[in-house]
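Here's the structure, in structure tokens; my notes come after.
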Amino acid sequence: QVRLVESGGGLVQSGGSLRLSCTASGSISNINAMGWYREAPGKERELVAVIRRGGTTHIQDSVKDRFTISRDGATNTVVLQMDNLKPEDTAVYYCHAENVYAHDYWGQGTQVTVSS
């Protein structure tokens with residue numbers, strides 16, 4: 001089993017920045033990808049960014065010029081750096097991990113609120 005714990009959410013003004021962190025623990029040796037999803041009120045959960053073993057990344061087009069994702073293998077931590085935040089970025093952000101058997105793991109979520 002894998003446990004994911006997120007931190008770093010909060011309330012910021014439009015144009016501000018936040019850094020979200022996700023730390024994995026448990027049976028982590030078989031993780032092959034970690035990333036972030038978000039879920040806004042009344043909308044379905046959507047992929048934001050993902051980083052795979054070897055360091056390749058994918059970032060959603062709507063945020064690719066403003067967000068970056070990185071991973072520290074030694075501490076099993078993934079960081080989502082969010083710059084120039086907009087009100088439409090307001091959502092609960094969830095950390096996600098996938099292992100080599102295509103099993104999925106989810107964190108509890110952290111709230112990000114961007115005011116205009």
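Along the sequence shown, residues are numbered consecutively beginning with 1. Because the structure is predicted, anything quoted here is derived from the model rather than measured. All values below were derived from every heavy atom in this structure, side-chain atoms included, with hydrogens, water molecules and symmetry-related copies excluded.
Just one of Leu18, Ile69, Val12 meets the side chain to side chain contact (heavy atoms under 4.5 Å, CB included) condition when paired with Met82; it is Leu18. Put simply, the residue from Leu11, Val112, Leu85, Val114 that forms a side chain to side chain contact (heavy atoms under 4.5 Å, CB included) with Thr90 is Val114.
Residue Ala91 comes nearest to Gln111 through the heavy atom pair O-NE2, 3.4 Å, listed as atom of the first residue, atom of the second, then distance. The minimum heavy-atom distance linking Ile31 with Ala24 is given by the pair CD1-CB, 4.2 Å.
With sequence neighbours excluded, the residues satisfying side-chain contact (heavy atoms from CB on, under 4.5 Å) with Arg3 are Val5, Ser25.
Counting only heavy atoms from C-beta outward, the side chains of Glu98 and Asn32 approach each other to under 4.5 Å. Two residues are said to be in side-chain contact when any heavy atoms from C-beta on lie closer than 4.5 Å; Leu80 and Glu6 fail this criterion. In this structure, the side chains of Arg66 and Lys86 come closer than 4.5 Å at one or more pairs of heavy atoms. At least one side-chain heavy atom of Val63 sits less than 4.5 Å from a side-chain heavy atom of Asp89. Annotation: side chain of Glu39 is not in contact with side chain of Glu44 (no heavy-atom distance under 4.5 Å).
Under a hydrophobic-cluster definition in which Ile, Leu, Val, Met, Phe, Trp and Tyr are linked whenever side-chain heavy atoms come within less than 4.5 Å, directly or via other members, Val50 and Ile59 are assigned to different clusters. Placement of Ile28 and Val78 within a single hydrophobic cluster is found when ILVMFWY residues are connected by side-chain heavy-atom separations under 4.5 Å, directly or transitively. No chain of hydrophobic side-chain contacts below 4.5 Å, direct or via other Ile, Leu, Val, Met, Phe, Trp or Tyr residues, connects Ile51 to Leu47.
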CA sep, side-chain torsions, deciding dist, call: Met34, Cys22, side chain to side chain contact (heavy atoms under 4.5 Å, CB included):
CA-CA 9 Å; Met34 293 182 65; Cys22 174; 3.9 Å; yes

Worked verdict on Asn99 versus Tyr105 for side chain to side chain contact (heavy atoms under 4.5 Å, CB included):
CA-CA 9 Å; Asn99 70 10; Tyr105 303 92; 3.5 Å; yes

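Not less than 6.0 angstrom separates the ring centroid of Phe67 from the ring centroid of Trp36.
Checking Asp83 against Ser17 by side-chain atom types alone, a donor-acceptor pair falls below 3.5 Å. A donor-acceptor contact under 3.5 angstrom links the side chains of Thr23 and Thr77, judged on distance only. Side-chain contact check for Arg38 and Tyr93: at least one donor-acceptor pair (N or O, by modelled atom type) lies under 3.5 Å.
The CG atom of Asn84 sits 7.0 Å away from the OG atom of Ser14 when rounded to the nearest 0.5 Å.
Ring geometry, Tyr37 versus His96: the interplanar angle exceeds 60°, so the pair is classed perpendicular (tilted spans 30 to 60°).
At most 12 non-hydrogen atoms from other residues, nucleotides or ligands lie less than 6.0 angstrom from CD of Gln108.
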